[in-house]
Number of protein chains: 2
Amino acid sequence: MLAQLGAHAAELFAQRIARLDLTPAQAGLLRLLDREPGRSQRQLAEILGMPPSRFVPFADGLEARGLLERRKNPSDRRLYALFLTEEGAELLSRLRGEAAAHEKQFCAALAPSEHQQLTALLRRLAQQQGLRPGIHPGYRSMRTSSTPTAGRPAPDEPRV
Amino acid sequence: MLAQLGAHAAELFAQRIARLDLTPAQAGLLRLLDREPGRSQRQLAEILGMPPSRFVPFADGLEARGLLERRKNPSDRRLYALFLTEEGAELLSRLRGEAAAHEKQFCAALAPSEHQQLTALLRRLAQQQGLRPGIHPGYRSMRTSSTPTAGRPAPDEPRV
DNA sequence: TATTGTTATACTCTATAACTATA
DNA sequence: TATAGTTATAGAGTATAACAATA
């Protein structure tokens, strides 16, 4: 049930941030760049659990939109250091607003005290499982572009 | 966090049932056949949210292993009715044992009363979200064969 | 020689759409 | 003509491995 709910919450969140033209993976990278600015692409790719060859076009898309910036490291010119641009930081702030709204809506059935209870229980589980506070679900196989792959079959398919 | 934990739980569960040579999607179909025996392939595919063309080889694999059975409907010979075989029912029972063990291990950090609390809260959320008690995370894009796609990079990649 | 970023290739997987049999 | 099951094909997406530049 936890897995089912988690997948459902992730799906709703993906729909919500699609209005910002972002995928969950892109949102994760923005957050990561905010927490750990100046990392190399290699490091970021490893943190996200994706091969470097996939990270390159992934970052390309966000760079082309002016959300992140590649700066050459002068002491080791093989390395790029990645940073959020001002525009990227702005989008991240809007993203956080959406995340808060998402959580509020998703937990609307719970009283505030229950919401706190749930959060505390989940946090304990996450700690025991050794999960980092950052978000690392399954970035190894997550959509890195928001292109709907041409005619998609409507977001709300009959599922019974 | 819920999404992250859910994905993690699903991953651990997938590793666990890989010992039974089952993927989460296959496990879901076995459970579904147990709850709703005799449905047509079309119906099952729709319930799982996958296109019929994908369902066919998906069911083929389980049929070849003798876990499910296709029976022709005599009144409408276009239709198949799918049932668990005895062997399939046996495997499902072992699967349920694994699921229980998985939940126990995953929630080991919680006292029994907390475990109950968590379950109750999640159930409330699931009801409000209109999720069916059956398991429907994201079968539309889930591994339907347990072939590891040749050399996989080790199940526990560095993820930081 | 080792490492970073990048590109190319080969491969897997998927959905769309055709096809056959039955209604 | 419409529907169930099946198969074929074309396209997207991925990882592996090669590559150039720098250390």
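These figures come from a predicted structure and were not determined experimentally. Letters A, B, ... mirror the listed sequences (proteins, then strands); counts begin at 1.
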With the side chain of Ser53(A) defined as its heavy atoms from C-beta on, choose the nearest nucleotide among dG5(D), dT7(D), dT16(D). dT16(D)
Whole Å only: how far is the CD atom of Glu46(A) from the P atom of dG5(C)? 12 Å
Whole-Å gap separating P (dG5(D)) and CZ (Phe55(B)): 9 Å
From CG of Leu68(B) across to P of dG5(D) the rounded distance in Å is 13 Å
Mind checking the CG-CG spacing from Leu125(A) to Leu121(A)? Nearest 0.5 Å is all I need. 7.0 Å
Check this for me, if you would: do Arg65(B) and Glu87(B) make a salt bridge, where the nitrogen-to-carboxylate-oxygen distance has to be below 4.0 angstrom? no
Base, sugar-phosphate alone, or nothing: which one does Tyr80(A) contact when heavy atoms must sit under 4.0 Å apart? sugar-phosphate
Does the ring of Phe83(A) carry Arg71(A) above it, NZ/CZ under 6.0 angstrom from centre and within 45° of its axis? yes
Looking for any heavy atom pair under 4.0 Å, which part of the strands does Ser40(B) touch: base, sugar-phosphate only, or nothing? sugar-phosphate
In this structure, how many angstroms lie between the P atom of dG5(D) and the CZ atom of Arg71(B), rounded? 15 Å
Polar atoms only, N or O, under 3.5 Å: list the protein pairs with nucleotides 18-23 of chain D and their distances.
| from | atom 1 | to | atom 2 | distance (Å) |
| --- | --- | --- | --- | --- |
| dA23(D) | OP1 | Arg77(A) | N | 2.8 |

Starting at atom CG of Leu44(B), determine the distance to atom P of dA4(D), rounded to an integer number of angstrom. 12 Å
Are Gln43(B) and dA4(D) close enough that a side-chain N or O sits under 4.0 Å from OP1 or OP2? no
Could you pull out all donor-acceptor pairs under 3.5 Å where a side-chain atom in residues 91-106 of chain A meets a protein atom, sequence neighbours excluded?
| from | atom 1 | to | atom 2 | distance (Å) |
| --- | --- | --- | --- | --- |
| Arg96(A) | NH2 | Asp34(A) | OD2 | 3.2 |
| Glu98(A) | OE1 | Arg16(A) | NH1 | 3.1 |
| Glu98(A) | OE1 | Arg19(A) | NH2 | 3.4 |
| His102(A) | NE2 | Ala9(A) | O | 3.3 |
| Glu103(A) | OE2 | His115(A) | NE2 | 2.8 |
| Gln105(A) | OE1 | Arg16(A) | NH2 | 2.5 |

Over how many whole Å does the gap from Asp60(B) atom CG to dT6(D) atom P extend? 7 Å
What integer distance in Å separates Phe58(A):CZ from dT7(C):P? 17 Å
Let me spell it out: for each of Pro52(A) and Pro52(B), pick the nucleotide of DNA chain D with the closest heavy atom. Which residue's pick is nearer the 5' end? Pro52(B)
Of all the choices, dT6(C), dA15(C), dG5(D), which nucleotide is nearest to the side chain of Gln41(B) once you look at every atom? dG5(D)
Of the non-hydrogen atoms in Ile17(B) and Ala27(B), which two are nearest, and what is the gap between them? CD1-CB, 4.1 Å
For Leu82(A) against Ala59(A), the heavy-atom pair lying closest together: CD2-CB, 4.4 Å
Atom CG of Leu79(A) and atom C1' of dT3(C): how far apart are they, to the nearest Å? 9 Å
Roughly how far apart are Glu86(A) CD and Glu90(A) CD, rounded to 0.5 Å? 7.0 Å
